[in-house]
Amino acid sequence: MYESEKRNLLRCSEYLVHILRPSYVKGFMTTYLQPEVAERILSEESKSVTSAAQVFLDQVCLLDELGWYQALLDALDAEDYKGLCEALKKWDFQILESTKIHRVLLERIEPSFTKMIKPRDLLLHLGDCLRKREYEEIQAIENQKGPIAAAERLTDCLKRSDKQNWFKLLKSALLSCDLTDALQLLEPDTESSVSEMETGDEEEGETMTTISFQYTEQFDDDDGMLMSGNHLTPSETPPTSATGANSGVGEVQKGGGGEKSRGGEKKMREYQRELAEPVFQGKNTVICAPTGCGKTVVALAICEHHLKVKGKGAKVVFMATKVDVFNQQYKLFQDHFQEKDPDIRINGLCGNQGDQLSMKVVMENNDIIVLTPQILVNAVAGGEITSLSCFSLLILDECHNTTGKHPYNIIMTSYLDAKLSKEQSGQHLPQIVGLTASVGIGSFKNQSEAENNICQLCASLDSRIISTIHTNTDELQSYVHTPEKEFFLVEKRHTDPFIRIIRDIMAKIEGLAKTVYNIESLSAIENRDYGSQKYEQWIVDVQKKCRVLQLKDQEEESRVCRALYNYTEHLRKYNDALIINEDARTKDALDYLSVFIQQVKNAGHDETEQRLTAYFDGQQGVLRGLSSGGQKENPKLDMLQYILEEQYRQNDETKSVLFVRTRALADALKSWIEESDSLKFLKPGVLIGRGHKSSQLTGTRMTLNSKKGVLDSFKSFDNQSKILIATSVADEGIDIPQCNLVLMYEYVGNVVKMVQVRGRGRAQGSKCILVSDKKDRIDKEKHNMEKEKIVEKAIRKLQDTPTEMLRKMEVFQRGDKVCRDMVKMVPERRLTEGSYQLLCSKCKKHSCYTDDIRVLQDSHHIVLDPTLFSRARTEPHPKPKGFMGLVKTKKLFCHCGLDWGIVASYLSIQNLPVLKIESFVVKNCVTEQQRYYRKWRDVTFSMKTFELTDIADSWNPLLEDQ
């Protein structure tokens, strides 16, 4: 069977072995190859990808299982080997053959080529050449090993590309990044090269659309949500568990969880015992159960049982991903065990508490430690915790986050390295328990791919059991109510005079910018419409190129860069206003712009900015007239108003949560509701994140106390607030038992987000409604609902075939270990010696030299040049507080207005300027080459460590707030 396919595969083996990277089709290998064979292939890949691909091909040609060939094609297609897959389907390799000459050329020049390119810059232009996984791997290698190692990996990926146009796109990228020396190696005939670039511009523009720039609220990783108590519990008390676990477990918890008992306790329900059963048996387990069923009650029961069984040898860590959730869970643990057993010692660490308390001391003197995971990552990295074996149980809340660079994954990588390492095989590693509402992570098209994704998550958590509710489903359904899902497709807002005026202003600003410099030459992004995410991407790209723009005349360079920065910042705000206008009122968009223009006027207002603000001032009267009436309201707001009026007409006790994508939109909808005669009785509260950038409309960001105040008002029974407007900060953690209407206003994500958002509704008969004017957005949410069903089937299949699940997990674990070892084998990058100058990235004025920078605690970068203050101005810090040994006292700004960092005190030393590298361009004092870095860890030059002896006795620079 399949003899002809096998013969053809062997005939075309040259193409397959020089293109395929076997680890990218691990799912196929785990399904069709023996585990030891798959491991041998992955091991061989660490030495030679081509050799591993040859072994893979040889083994594939021995297969006789029905459907293996189609499965191979499906695996290749899923991993974006489109060219190879198409060639194998048609047995036509002419397209791949046509690119062979380019691969040979690249291989010939590789030693010189890798030293000339800048991988970080090129990646932005090579989206169509690279798979997402390759893109992420190259970024990781550059962060860990430096640009040369990343350049070598990028070159290898290009040589193995099956994309027909990869060579053209590479040359276009080199041209866009001004890497002319590298371009010359590829194409000595410069004129021919440029001509060829011009023919590829359209494709390059498409390439840029694959890059995801994240600016909305939903990506604030450090934001969380306090959870409410649920006092709505039935009166019956379930019987004692046969497992021997203590039945008196409880909390004021997510979803109310357990039966009410004394003080901080609640009794476990039967379905909660069912979830905990595998853990009681000592097995590593992922507990997957609906939002609101009381998974934290299960965690408390697990802790109790573990402490009883392990006795003095028990050491438990419970981790919550967000500070807000940590605070709530820490209190729950304290209340519960204070009532249950006051002798159990509990402590908690989060945020900068890790700087004030020793993790080692906390661990040695407590039985249960509640943490945010980064605390544990830092403790292991800093050597305070030498091994995870000093703990007996790790509980990971929201464990679906165990991917990529998340702290959970860093912790579990350390765990798995210890498990798979022969030297540490004698260690007793802790039991692992994960809690989540959904394991539907990653992208998948069918049940088989979903199973592989789940196996990958379980492999990362080293958990062989997925615990779900099977026996006690009736009891679960009596407590947990799934909201009814509805969709409202609304007509789009038509073009109006406001939009035309804003677009006209933007066109004038672009024209002004072009008189200063040819901005079109700074970015290859085309077809950028005003009021779109693509236009935002263009602005980001232009600003990035402006930072390292070099002209012969330094003063002219400073003038040009500062002007372009101002132009693009104004364009960004007008683009934001158009986006707000699309989802809210014209008045809200105008208010957003008015706040920005006033901020500009208050902050210096140079000649360029005066001209820019004049454009707005000249149209403000007309715009204000348009915003106050005379044009049709937004159709989406009309629909939202109709839904709310009907809901509250039918039930005036309704509690609603309205999810939106950005802070600005949350503020806009709050104003709209408060100013609407029929809706102002709702008294809306706003729940947004604590991100680093303030809301443009409110000028503030939410603290933990302000969040608690909003939630308390919403949860109160005296109807202080009937609706909560929230960004993604409320996806995880918030629990409002009496909430019976969840509104998603243009708010759609992946399967996990869908499950979490839907779970915000608690009351029986609740609804979850999506309002959108985009059919594809509604279709995506419906597709998420279908994918949720696929995930449920995949879980059942894995539970029914534990041996197969374990086999896949082991292959994933060993394959990931091979990849980690490969990265470690790449030589550490060497930091260069030499003198560098830091220039303000906005105005290009001199700030300081790297010779004067000292590094404190491997984190803070302090300038020991008191003359820096003559080139900067300071303002009192709005929230002075200590962190990592420093006390923030002031904010530090360039005279052009750009935020440079802070002024802090350390020990008894006052007025130390601490810089953030993202505000500067680094100039080599010898070559005069300029580079931009987003993080201090990315810099390629060395800096001295801070010593107290570096501070002169006379250090006391005079600061004058300006």
Side-chain angles (χ1 to χ4, degrees), residues 2 9 16-17 20-46 49 51-81 84-85 131-133 137 284 286 402-404 409 412-413 416 419-420 439-466 790-791 793-822:
Y2 299 109
L9 278 175
L16 194 146
V17 301
L20 179 65
R21 185 178 290 272
S23 60
Y24 287 5
V25 288
K26 274 196 299 187
F28 174 86
M29 290 197 289
T30 59
T31 303
Y32 289 96
L33 300 182
Q34 293 298 316
E36 60 271 18
V37 173
E39 290 174 18
R40 179 157 61 90
I41 292 171
L42 293 171
S43 178
E44 183 64 25
E45 185 173 308
S46 65
V49 180
S51 298
Q54 185 63 61
V55 176
F56 172 85
L57 178 60
D58 293 341
Q59 293 297 321
V60 164
C61 288
L62 297 175
L63 291 174
D64 289 317
E65 188 173 343
L66 186 66
W68 70 263
Y69 185 71
Q70 184 59 49
L72 174 61
L73 295 179
D74 291 343
L76 292 172
D77 184 69
E79 285 299 326
D80 200 29
Y81 282 104
L84 181 59
C85 184
R131 293 162 188 83
K132 182 181 179 182
R133 190 183 305 196
E137 288 173 354
N284 286 4
V286 171
T402 313
T403 60
N409 210 30
M412 289 310 303
T413 294
L416 290 168
K419 174 190 173 182
L420 299 173
V439 291
I441 64 168
S443 60
F444 55 91
K445 299 176 184 176
N446 51 49
Q447 183 175 326
S448 176
E449 292 179 8
E451 289 172 16
N452 284 337
N453 288 356
I454 295 169
C455 285
Q456 177 67 73
L457 177 63
C458 290
S460 298
L461 290 162
D462 196 40
S463 298
R464 304 181 181 188
I465 303 295
I466 304 172
I790 292 174
V791 170
K793 291 179 181 178
I795 292 173
R796 287 196 293 271
K797 171 74 177 299
L798 293 171
Q799 289 172 329
D800 292 339
T801 56
T803 303
E804 178 66 12
M805 176 181 171
L806 178 59
R807 184 180 71 82
K808 288 185 177 183
M809 283 176 54
E810 288 176 345
V811 171
F812 282 132
Q813 285 183 347
R814 296 192 181 278
D816 292 341
K817 179 71 163 60
V818 168
C819 292
R820 291 196 296 272
D821 290 343
M822 286 174 59

TODO: Say whether, by atom type as modelled, one donor and one acceptor occur between the side chain of E45 and the main chain of S23 under 3.5 angstrom.
DONE: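 Indeed, once roles are kept as given, a pair shorter than 3.5 Å links the two residues.
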TODO: Taking Q813 for its side chain and A459 for its backbone only, find out whether a donor-acceptor pair lies under 3.5 Å.
DONE: yes
Hey, does [Y] have a side-chain heavy atom less than 4.5 Å from the side chain of [X]?
{"X": "K26", "Y": "N452", "answer": "no"}
{"X": "K445", "Y": "D77", "answer": "yes"}
{"X": "L416", "Y": "K817", "answer": "no"}
{"X": "E36", "Y": "R40", "answer": "no"}
{"X": "L798", "Y": "E804", "answer": "no"}
{"X": "L63", "Y": "L33", "answer": "yes"}
{"X": "I41", "Y": "M29", "answer": "yes"}
{"X": "L461", "Y": "N284", "answer": "no"}

Quick check for you: to the nearest 0.5 Å, what is the distance between [X] atom [atom1] and [Y] atom [atom2]?
{"X": "D74", "Y": "Y69", "atom1": "CG", "atom2": "OH", "value": "11.0 Å"}
{"X": "S460", "Y": "M412", "atom1": "OG", "atom2": "CE", "value": "8.0 Å"}
{"X": "S43", "Y": "R814", "atom1": "OG", "atom2": "CZ", "value": "10.5 Å"}
{"X": "L457", "Y": "I466", "atom1": "CG", "atom2": "CD1", "value": "8.0 Å"}
{"X": "L73", "Y": "F28", "atom1": "CG", "atom2": "CZ", "value": "9.0 Å"}
{"X": "R21", "Y": "F56", "atom1": "CZ", "atom2": "CZ", "value": "14.0 Å"}

Determine the minimum heavy-atom distance between [X] and [Y], stating which atoms define it.
{"X": "G440", "Y": "V791", "value": "CA-CG2, 3.7 Å"}
{"X": "G815", "Y": "L42", "value": "CA-CD1, 3.3 Å"}
{"X": "G442", "Y": "N453", "value": "C-ND2, 3.8 Å"}
{"X": "A450", "Y": "A794", "value": "CB-CB, 4.1 Å"}
{"X": "M809", "Y": "C458", "value": "CE-O, 3.6 Å"}
{"X": "C455", "Y": "F812", "value": "CB-CE1, 3.8 Å"}

Open item on the list: Taking side chain to side chain contact (heavy atoms under 4.5 Å, CB included) as the criterion, tell me which of K797, K793, Q799 meets it with I795.
Closed with: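 When side chain to side chain contact (heavy atoms under 4.5 Å, CB included) is applied between I795 and each of K797, K793, Q799, only Q799 qualifies.
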Task: Pair E79 + R133: basic N to acidic O under 4.0 Å - done: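 Yes, charged N to carboxylate O under 4.0 Å.
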Open item on the list: Tell me whether D816 is salt-bridged to R820, with the criterion being a basic N under 4.0 Å from an acidic carboxylate O.
Closed with: no
- [ ] Dump the intermediate steps for side chain to side chain contact (heavy atoms under 4.5 Å, CB included) on V25 and L72, then the final yes or no.
- [x] CA-CA 9 Å; V25 288; L72 174 61; 5.7 Å; no
Open item on the list: Would you say that more than 12 heavy atoms from the other residues, nucleotides or ligands in this model lie under 6.0 Å from the CZ of R131, or not?
Closed with: yes
